[in-house]
Q: 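Starting off with a structure, shown below.
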Amino acid sequence: MSPRKRRAFAIVGGLALLGLATALVLNALQSNLVFFFSPTQVVAREAPASGSFRVGGLVEQGSLQRESDGLTLRFAVTDTAHAVPVTYQGLLPDLFREGKGVVVAGKMGADGVFRATEVLAKHDENYMPPEAADAIKKAEQRAASTLQAEAK
């Protein structure tokens, strides 16, 4: 084989390996992406029907229920406009409370209940994920405009 053909095979082989490596990296990144949705978006079915995603907002007051096994919990995450029922089995963060900010990761069940695999609570009074804060602010604005329209 001539040196020219050897060089061409080396270049083609290198490009093929580079393409394969790129495809593997992109596939790994895509499978690890977890998108964030507000309860309003989940109720509007903007969230994926299958696959993992995150829901953020406030733990609805009076919604926390513990099952008899001590590890299974049921609660609702709200953005003050809509609420998403959540079930979680495991230990909760120490800062988890009703009325406080929370982000839950998991999948939506066929029955409309979000099956959380991870629960994240805000760590102080000043922190809330920007997406959750924006969702709550928009929901409050919609509720205020609805009340103003009904008052007229």
Q: Taking C-beta and beyond as the side chain, do Val59 and Lys100 meet within less than 4.5 Å on heavy atoms?
A: no

Q: Show every side chain to side chain donor-acceptor pair (under 3.5 Å) that has at least one partner inside residues 3-24, sequence neighbours left out.
A: none

Q: Once rounded to the nearest 0.5 Å, what's the spacing between atom CZ of Phe35 and atom CZ of Phe53?
A: 12.0 Å

Q: Any chance you could pull the hydrophobic cluster mates of Leu24, using side-chain heavy atoms under 4.5 angstrom and chaining through other members?
A: Leu20

Q: Does anything in residues 8-21 form a side chain to side chain donor-acceptor pair (under 3.5 Å)? List the pairs, not counting sequence neighbours.
A: none

Q: Could you go through Leu58 and Val102, starting from their C-alpha distance and side-chain angles, then the distance that decides it, and tell me whether this counts as side chain to side chain contact (heavy atoms under 4.5 Å, CB included)?
A: CA-CA 6 Å; Leu58 302 173; Val102 69; over 6 Å; no

Q: How many angstroms lie between CZ in Arg97 and CG in Leu92, if you round to the nearest 0.5 Å?
A: 10.0 Å

Q: Suppose the criterion is side chain to side chain donor-acceptor pair (under 3.5 Å): which pairs have a residue in residues 82-96, not counting sequence neighbours?
A: Thr40-His82

Q: Show me, pair by pair, the donor-acceptor contacts under 3.5 angstrom made by side chains of residues 63-77, not counting sequence neighbours?
A:
residue	atom	partner	partner atom	Å
Ser63	OG	Glu60	O	2.7
Ser63	OG	Ala76	N	3.1
Glu67	OE2	Arg74	NE	3.0
Asp69	OD1	Leu71	N	3.0
Asp69	OD1	Thr72	N	2.9
Asp69	OD1	Thr72	OG1	3.4
Asp69	OD2	Thr72	OG1	2.8

Q: So, do Ser38 and Val55 sit near enough that their side-chain heavy atoms are less than 4.5 Å apart?
A: no

Q: Donor-acceptor pairs are to be reported for all side-chain atoms of residues 104-115 against protein atoms at under 3.5 Å, with residues two or more places apart or in another chain.
A:
residue	atom	partner	partner atom	Å
Asp111	OD1	Val113	N	3.2
Asp111	OD1	Arg115	NH2	3.2
Asp111	OD2	Arg115	NH2	2.9

Q: Is the side chain of Glu98 donor-acceptor paired with the backbone N or O of Gly62 at a distance under 3.5 Å, no angle test?
A: yes

